[in-house]
Every structure is written in C-alpha cells, then in structure tokens.
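Presented below is the structure to which this report refers.
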Amino acid sequence: MTSDPLEEFSDDDLGYVPKEGGIAARAGLTTEAPYLASLNPEQRAAVESLDGPVLVLAGAGTGKTRVLTTRLAHLLNTGRAWPGQILAVTFTNKAAREMKDRIGTLIGGIVEGMQWLGTFHSIGVKILRRHAELVGLKSDFSILDTDDQIRLLKQIIQAHEIDEKRWPARQLASHIDGWKNRGLTPDKVPAGEAHAYADGKGALFYGEYQERLKVLNAADFGDLLLECLRLFLENPDVLEIYRKKFKYMLVDEYQDTNVAQYLWLRLLAGGHKNICCVGDDDQSIYGWRGAEVDNILRFEKDFEGAKVIRLERNYRSTPHILAAASGLIANNQGRLGKTLHTDREDGEPLLVRRHWDDDEEARAIGEDLEQAQRRQENLDEIAILVRASFQMRSMEDRFITLGLPYRVIGGPRFYERAEIRDALAYLKVTAQPDNDLAFERIINVPKRGLGDVTVRKARAIASANGCSLYRASRMIVETDELSAKPRGAMRKVVEEFSRWRSLIDAMPHTELAEMILDESGYTEMWQNDKSPQAPGRLENLKELVRSMEEFENLAGFLEHIALVMDVERAETDQKVNLMTLHSAKGLEFDTVFLPGWEEGLFPHQRSLDENGRAGLEEERRLAYVGITRAKRKAVLSFAQNRRVHNLWQNALPSRFLDELPEANVEVAESPSSYGGGFGWGAGSGGGGGGRSGLGESRFENFEPFNNTYSTPGWQRAKERHSSGQAMRSSPSLIEGELVTTAEPSAERFVEGEIVNHEKFGPGVVTHVEGNKLTIEFENAGRKRVLDSFVTRG
DNA sequence: CTGGAGGATCTTTTT
DNA sequence: GATCCTCCAG
C-alpha cells in the first residue's frame, strides 16, 4: 500500500499544499461528514470556522474536547492541511495523549503524522533541538527538572557568599521562573524587581544561572519556551519556516497560558492567523504559576477580526449543580460571562454539611462511601476534591481503616521520588557523561567515601580545564591530588561508568539498567536499609526498569521522562478518587465530595495575602471548577476545628458557601455528629444569636448546635467574620483580612497575660501577632493558637 | 568522611 | 508530623 498519502509526506515538504478534497476525497468519503451531524449549532460553528482567529469559550461540561478533536479531524478531512501542518498545543501530557487517542478513533491512523500535537514544552524542545546552536546550546542539551535547578542555584548563591537561610534558593528559583513565564531574559528584568531577592542580586544571579546552563548544555522548563521565543525573535528566517509550516494552530486551555506562551503563539500565528484557542476564563486556576487570565480576556483585541463562539450548553450536570456554580462564579468581576444551561430536569440540591473537626468530616464521607459501595455504585465515579494536599491525610486514614479502595491522583510524582531520581542519574551519566548535575547527585550514593572535599577538588579541576566534572574526575585519578582512599573510589566509579557506556549498544537497555543499579551497589544500599519505606523503594526501582520497556533505547527513555514527569499506571479495580481541586480540572464524576470549605483554607489564606482580590477570584474559580466536576451530586462540607501543623485552629464557613444560591443548596448536620469529647467547655453566656449582622454566614447557626456558639471565643470569631464580610464590598482591603485584622482594642490580648484555653488549659501569652497568639501552656508546652480560642484568666 | 541528634520549615497547585 | 538541613562528635 503505497497509496497512503502520509508515507509520502515528509516533514520538510513545507511548501506542499494538499490537493482539493484531501484525504477524505481520496478515501472516497462523502462531503457531509457524519461527525458533524452530532454536534449542536455552536459546537458546529466552532468546528467549521477554520479560517482566521477563533476563540471558543467553552464552559464546563460543554463538550470542549469533542470540539477540539472534531475540528482537527475536520481540518484533515477537508484537505485544508496535512497532519504535519497543524500545531496543536496542550498543557499537560495527559491532555495531549487524550487528544491523540480521540482523533485516532475519529479518523484512524493519521494521528501518527501529527508530530506537532503536544504540550507547549514538548513542542518547544522539538524546535529547540533543531536550532540549538542558534541559542547557544548543542542539540543534545539536557533538560533540568526543578530539583536540578535548585541545586544549581544553590551553587551560585554559595559562590556569592549569600546567606542561604535568608535567601533560599527556592525563592530565587521561583523568581526566575516568574521572569521566564513573563518572557523576560536577564537583561529585561525590571530594575525594581531585581531587588526582590538578596538586595538586588536577583537579576545578576539569573544571568549567571543562564550562563551556567549554557556551559552545562542544559535548559530548564522555562527555557524550553523562553529560548524558543528568543530563537524566533533573533532569527526571523527560522520563525518564517515555522509560520509557513503551521498552517493551522489549535490551543487548548488558553486561559492557562502565560505571557511567554502567549508571545510564542502570537509570533507563530502572525502569518496566516489561523489560530483557534479554546478555553474558559472561569476555569483559570493557574495564576500562581504565571498564567494570565488576561490573555483570554484580551483575545479579541489581540487578534483582529477574531470570532468568539460560546459553548454554553452543558451536557454534564444537573440544573441545581449548574445554578449553584453559576451563582458562585457570578461574584467574580473579571470575566467574559457565560450562562450555562442544560436540558436536564432531574437532580437534587447541593448538600452542605457542618462537622466538628476534620476527622469527623472524613468519617462522614467514609460512611457515605460505604453506603455507595453497598448500593453497588461505581466507585470510579466518586471523587473527593481537596484544596490542599494535607487534607488528604485524614481522608486516607479513614479509608484505610474502613478498607475502602481509593486512589490518589496527582500525589507525589513517580519520577520525583528520591530513589527514582538517583537511578535516573545513574542512567543519565551513563548516556551523557557530561551531565554534571546527574554525576554530582550520585557520585557518593551509595556512600563510597567521595565527600564534599573530593567533589570540590574535582570541580576545581573541571572549571580550570573547562571540562565536565566526569572528565575532570578521570583526570584527577591520574594525579596525586587525592589521597589514596578517595582516589581508589573515584577511579572505580569512573571506570564503571565507562564500562557501562560501552555496553549501551551491546545489550537491551532494561538489562543494562538493572546491571548498573546492581553493580553500583545502589540496589544493595536499599536492601540494607532498615527503614519501613525501603521495600517500597526497591519496588519502585523495579517499576522503573519495567517502564523502560516501552522505549526503544536509553536515550529515548531519558528524553521522555525529562518532559513527562508522571507515569501512567493501568488500573482496573474500582476505586474512589482522591485528589486536589487543581488536578481535577477536566475530569468529571457522578458524585463529588468537596471538604474543607473554610475561610483560610478555601479561599486559601496565602492566595488572599499574596494576591488580594485577584487571588480571591482565582480561589472562587477553583470552587467553580470543583462544583462543576459533579454530574449528579455534590456534597460540600466544612469543619469548625481543623488541625494544622498539629495544632488546632478554629475555622469559619467559607464565604463561598454563602455565595451559593439558597435555592440550590440543602443544609444538613453531619450524620455522625456527636461533637466528640472535645467540647467548648467554658461559657454558657446565653443569647448568642442576637446578632443579625448582614455579614453573618447562614451556615453558622443552624440547629441543633446553636447553643454551642455563645462562648466568648465564638462571639469574637463571629465578629471577625462579619468584619471580613464587610470588607468584601471594598475589595482593596481583602489582603490580610481575618487572621491579621485588628480587633477593637478591648478584645486584644497582650504579652504576659495569663489565659485559659479550652483544650490546652492555662498558659501565658508570650507573643501576639494579629489574632495569632503564641502561648506557653503549663501542661501542653508552647503552641500557636487563635485568640478566639482562649479566655482571660 | 560518616552518622546521629537536634532544629527549622513547612504543606496550593505543574511542565 | 515529616522531611530536610545543619552541626558536631567520632
């Protein structure tokens, strides 16, 4: 079969224009493709508007992925473009894979030709490797992960003798990431911002870091885009190649693009302007890592003559769920505005539950899950979505006790585990001897007597000779620079690596990997380790070798894992899903549990403190994402007491709960609510319900717990809450509300005051920070608590 | 150079 | 509570 047009198409046929009718015509299909018939009018418009800039505003559950894939199929089917002429970018590997799969089922094997369907990063790498020399790299440059990045920055910080305690490398890394996200090279960093780190050394270090990367022939994640952008800007001829090549562009989750990505897209779309962006401003939840909601809000201005298509018909959720989510998100100001509607008529209101503490919350959810299990419901269709990962622990504890099958999605990434990184470092050094960071990582793992001193000597030789650490190590063993013991150890390491390298082409890469791990003593190190995690780590190492089987060779495997930080595990058993709200985006479940709707946790205090109103709105979008994951049922809950860092904090119902339309919400006391043995102890002072302040949460005082809310601490907390609510109308004051808001002086505690805490007993206030008190308790030691938990005397 | 003890910091989310 | 880091004694 030489008639397959794809076989004749080479990626370098840039000027090639497919003949009229394209693949479909050749294959003898009719003009009215069957896949169009099943679309609703808006979806169809989104699929068929092929020319010029198009923004598809796709609300939650409106068939976004379907539109994207059908549009791709349509482009191919109508002969507008060959697979290799379409650029389709996503944010996650998962999304890219899913799109590939779905196109595959739609139009068969053509997917193979879609070489430019992938994440921003993977496409960036592909382009960079081809033109690496133009940005000061070699085409086999290595890709640093966050960990490598931090270690490299630490070296730079140390070289400048900066106190790393005061200026953590992490912080510098996040500044640099931020700059890269905004498309700023070191020379472009605004002077004011350079001062954010180490009294103005930020930009300087950024520059040095970039230089080091070039010497190491490496790029970090941010570079994959930024350097690509620089490549295009400095080499118009290169840009022109890609402008011609990509006749059509497709962008998924456009609301998540950062400035660098936006600039990159705009450059590429500059010629033909056939760019279609799909997204939902209401689901923009990645502002903290540089995403600019503004990109989507500004689309019509940026791309002249843009067509905007709204997908508002929801195929996922019940009317109650949709109405609740819509009511909530309507509180946001910066949005394009959409009204989701559905034809469904069934459904029950959202359930809001109050719990005493996080354990009770977990217990209640556990009971619901057991019931669902008894009713033979599909556990895969149930999810618990939490704001912060620490919330997962009480859930997991409970599920383990109950023997409920569950899976954690997103959790600690496989490739980020220490043992996996070590093993990978061995493989990397074998394949790429000049990978200094990898070599440094394992030069003394397992312990072989090559400590700091030895490594420093080797590094000195390396920089004196302008060569890599590995080469320097080879040189150093020929000299008397090292004393006998380290020299012998070093010689052994270096020789082993060169032996392993010589075997790369001689044996299957999986076997080689096993051999390296065994002969280096790495496996043995964990076998001798008595910690309870050790067997799991050995298991992970086996899993790693197993996962290598899918790849042709070592180099292919290493390239893959640099970009795909997660491993897909085939799961067949039915399990309840546990994950963060962020990783739930794009998924849907029959029933969704949303625990932890408390002020400070959700919305997260940090979001409010650091980003004020914008932070609050992003949190609200996160809430919107959470609710709209549910097809049939959503159960929201909040706990009045939550353990954070092992000390108890009292909490108030999230303002988001109050923003849900009453008609769509049903309030329930926790089914297993008996308050436990904690008790509020003191205070019976009656009549607490007298306040009818506008700001009071309607979830604070429902029966039958009313009487417990009259303690002085609770009263204070309520007042604070209402002052917080008052601030909602004057958004500029959002920052620092609740926890740091000053109360009327009469209520404040001062240092040295003797106080009593319901749980910890008597103690002395040693420090006051807003309403956070540090108290030296007679029996419980030093704790940080909120003032509403203690009484005078 | 190693290992253990003690201390600080932290828990938003990802390529 | 956990992990990561630093410091100090062998």
Side-chain angles (χ1 to χ4, degrees), chain A residues 89-96 118-125 143-147 149-150 154 163-166 168-171 174 177 180-181 219-226 253 256-258 260-261 284-291 385-394 397 409-413 415-418 444-456 482-483 485-486 489 531-533 560-566 579-585 596 600-611 615 618-619 621-622 625-626 642-647 784:
Chain A
V89 277
T90 63
F91 273 85
T92 63
N93 294 295
K94 205 173 119 202
T119 62
F120 275 101
H121 292 88
S122 65
I123 286 168
V125 175
I143 300 165
L144 300 197
D145 57 27
T146 332
D147 208 63
Q149 199 184 352
I150 300 276
K154 270 187 188 157
D163 182 9
E164 217 211 296
K165 279 262 172 57
R166 206 160 115 67
R170 292 207 147 280
Q171 197 187 333
S174 79
D177 277 346
K180 288 187 174 177
N181 285 338
D220 66 17
F221 280 124
D223 282 344
L224 300 183
L225 267 154
L226 187 56
E253 306 278 15
D256 287 337
T257 49
N258 60 36
Q261 287 158 340
S284 163
I285 54 174
Y286 286 109
W288 51 273
R289 64 170 212 220
L385 311 181
V386 297
R387 172 70 247 265
S389 41
F390 76 84
Q391 290 172 266
M392 289 193 189
R393 178 143 40 119
S394 55
D397 283 353
I409 295 184
R413 255 143 272 283
Y415 291 119
E416 276 171 17
R417 293 164 199 270
N444 201 28
V445 180
K447 297 270 163 22
R448 37 173 86 92
L450 297 172
D452 209 27
V453 181
T454 315
V455 174
R456 206 166 296 172
L482 300 176
S483 49
K485 242 195 276 173
S531 71
Q533 298 100 311
H560 172 82
I561 54 114
L563 290 167
V564 180
M565 288 302 287
D566 218 348
M579 71 193 87
T580 64
L581 284 159
H582 281 90
S583 42
K585 189 160 71 132
L601 174 58
F602 194 28
H604 197 99
Q605 193 59 46
R606 220 167 125 178
S607 249
L608 301 178
D609 290 346
E610 288 170 12
N611 295 306
E618 180 154 315
E619 294 285 302
R621 290 193 291 268
L622 199 49
V625 168
R642 192 169 286 277
R643 247 179 342 220
V644 183
H645 298 188
N646 216 24
L647 52 87
R784 294 224 306 167

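Residue numbers start from 1 in every chain, and the chains themselves are labelled A, B, ... in the order their sequence lines are given, proteins ahead of strands.
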Worksheet entry | OP1 or OP2 of B:dT14 under 4.0 Å from side-chain N/O of A:T146 | no

Discussion item. Distance check needed: B:dT13 C1' versus A:Q605 CD, whole Å only.
Written reply: 17 Å

Discussion item. Only Watson-Crick and G-U wobble pairs with both distances less than 3.5 Å should count. Give DNA chain C in dot-bracket notation, marking inter-strand partners with |.
Written reply: ||||||||||

Discussion item. Check for me: is A:Y286 stacked on B:dT13 by the 5.5 Å centroid and 30° plane-angle rule?
Written reply: no

Worksheet item: Which atom names give the shortest non-hydrogen contact between A:L225 and A:F120, and what distance separates them?
Response: CD1-CB, 4.1 Å

Item to complete: Between B:dT15, B:dT13, C:dG1, spot the one nearest the side chain of A:S389, thanks.
Response: B:dT13

Practice prompt. Report the distance from atom CD of A:E253 to atom OG1 of A:T92, rounding to the nearest 0.5 Å.
Written response: 7.5 Å

Discussion item. From CD1 of A:I150 over to C1' of B:dT15, roughly how many Å is that when rounded to an integer?
Written reply: 15 Å

Item to complete: Look at the side-chain N and O atoms of A:T92 and state whether any lies under 4.0 Å from the OP1 or OP2 oxygen of B:dT14.
Response: no

Worksheet entry | Distance test, side-chain N/O of A:N444 to OP1/OP2 of B:dT2, below 4.0 Å | yes

Response to the item:
Checking B:dC1, B:dT13, C:dG1 against the side chain of A:T580 (C-beta onward), the nearest is B:dT13

Item to complete: Look at A:K447 and B:dG3 and indicate whether a side-chain polar atom (N or O) is within less than 4.0 Å of OP1 or OP2.
Response: yes

Item to complete: Describe the nucleic acid contact of A:R606 in one word from base, sugar-phosphate, nothing, applying a heavy-atom distance below 4.0 Å.
Response: base

Worksheet item: Under 4.0 angstrom, heavy atoms only, what part of the nucleic acid is A:S122 near: base, sugar-phosphate, or nothing?
Response: nothing

Worksheet item: Looking across every strand, which nucleic acid part, if any, lies under 4.0 Å from A:H121 by heavy atom: base, sugar-phosphate, or nothing?
Response: base

Discussion item. Please give me the minimum heavy-atom distance between A:P486 and A:L450, naming the atom from each residue.
Written reply: O-CD2, 3.4 Å

Worksheet item: How many Å lie between CG on A:L581 and P on B:dT14, as a whole number?
Response: 11 Å

Item to complete: Tell me which nucleotide among B:dC1, B:dT15, B:dT14 gets nearest to the side chain of A:T119.
Response: B:dT15

Worksheet item: From the list B:dC1, B:dT14, C:dG1, which nucleotide is the closest neighbour of the side chain of A:R393?
Response: C:dG1

Worksheet item: How many Å lie between CE on A:M392 and C1' on B:dC10, as a whole number?
Response: 17 Å

Fill in: Whole-Å gap separating P (B:dT15) and CG (A:N93)
6 Å

Fill in: Minimum heavy-atom distance between A:A388 and A:L601, given as atom pair plus value
CB-CD1, 4.3 Å

Item to complete: For residues A:S583 and A:I409, report the shortest heavy-atom separation together with the two atoms involved.
Response: OG-O, 4.0 Å

Worksheet entry | Rounded interatomic separation in angstrom, taking CZ from A:R289 and P from B:dT14 | 8 Å

Fill in: Atom pair CG/CG of A:D145 and A:L563 - distance to nearest 0.5 Å
11.0 Å

Worksheet, complete the sentence: By nearest-nucleotide position on DNA chain B, the 5'-leaning member of A:L622 and A:D177 is A:L622

Worksheet item: Think A:K154 has a side-chain N or O under 4.0 angstrom from the OP1 or OP2 of C:dC5?
Response: yes

Fill in: Spacing between A:D147 atom CG and B:dT14 atom P, to the nearest angstrom
17 Å

Fill in: Residue closer to the 5' end of DNA chain B, A:R448 versus A:H582 (nearest nucleotide)
A:R448

Item to complete: Applying salt bridge (Lys or Arg N to Asp or Glu O under 4.0 Å), name anything that partners A:D220, two or more places apart in sequence or on another chain.
Response: A:K180

Worksheet entry | Spacing of A:R170 atom CZ relative to B:dT13 atom C1', expressed in whole Å | 14 Å

Response to the item:
For A:A291 and A:D256, the nearest pair of non-hydrogen atoms, with its separation, is CB-O, 3.3 Å

